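Quick notes on the structure that follows.
Just so it is clear, the model here is predicted, and its values are computed rather than measured.
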Amino acid sequence: MSNQDQAPRQGTFGTGAGAALDTALAYHRAWTSHDFDRAMTYIAEDIVCQAPSGRLEGTAAFREFMGPFTQILTRSSLIAAFGDDEKAVVMYDTDTAPVKDAPGAECVTVRGGKITHMRIVFDRLPFEEARRAAGTG
């Protein structure tokens with residue numbers, strides 16, 4: 001069984017039953033298994049995403065940002081996931097074609113089964129260095 005298939009240790013904060021955590025994990029499973037179209041079914045039309053590259057609004061901007069990353073993903077493992085009915089945090093490690101060991105985390109707000117807000121945290125420097133080394137950045 002790959003690390004991606006192993007169930008993470010999960011916890012909750014707040015008092016909810018974990019609807020946001022369920023949505024966050026379903027979204028994570030979809031994009032890390034290269035099914036980005038399915039992942040987008042968990043994203044609200046009016047999503048606001050705060051990423052290291054700046055603020056993104058709406059599904060078109062989100063797809064333009066996140067879609068290419070899913071195409072270069074070569075491995076993912078879930079480190080931890082915590083949440084309640086409204087918010088969830090998912091932390092993971094990834095390898096990509098240009099960068100090995102690229103950990104990240106997402107804090108999401110979920111309403112009506114859709115992610116309405118996402119804060120993504122990851123280190124951009126290794127990706128910038130890989131682009132420079134390849135002569136594309």
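Judged as a ring pair (Phe, Tyr, Trp, His ring centres under 6.0 Å), the pairs with a partner in residues 41-70 (not counting sequence neighbours) are, in order, Trp31-Phe69.
Although no hydrogens or angles enter the test, the distance criterion places no donor-acceptor pair under 3.5 Å between the side chain of Asp46 and the main chain of Gly58. Put simply, the side chain of Thr74 gets close to the backbone of Asp95: a donor and an acceptor are under 3.5 Å apart.
In terms of heavy-atom proximity, Thr41 sits nearest to Lys114 at O-NZ, 2.5 Å. Minimum heavy-atom separation, Thr94 to Ser76: CG2-OG, 4.0 Å.
Both Leu78 and Ile120 belong to a common hydrophobic cluster when Ile, Leu, Val, Met, Phe, Trp and Tyr are linked at side-chain heavy-atom distances under 4.5 angstrom. Note on Leu73: it clusters hydrophobically with Met40, by side-chain heavy-atom contacts below 4.5 Å among ILVMFWY residues.
Under the side-chain hydrogen bond (donor to acceptor under 3.5 Å, both in side chains) criterion, Arg119 pairs with no residue, sequence neighbours left out.
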Per-pair distances, 0.1 Å, donor-acceptor, side chain in residues 96-108, under 3.5 Å, sequence neighbours excluded:
unit_1, atom_1, unit_2, atom_2, d
Thr96, OG1, Val99, N, 3.0
Thr96, OG1, Val99, O, 2.9
Glu106, OE2, Tyr92, OH, 3.0

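The side-chain heavy atoms of Met91 and Phe82, taken from C-beta on, include no pair separated by under 4.5 Å.
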Does Cys49 form a side-chain contact (heavy atoms from CB on, under 4.5 Å) with Met66? I'd like the steps, not just the answer. CA-CA 10 Å; Cys49 177; Met66 195 65 185; over 6 Å; no
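A salt bridge links Arg75 to Asp93: one of the charged nitrogens lies within less than 4.0 Å of a carboxylate oxygen.
With a 6.0 Å radius and a threshold of 12 heavy atoms from other residues, nucleotides or ligands, Glu64 has its CD atom at or below the threshold.
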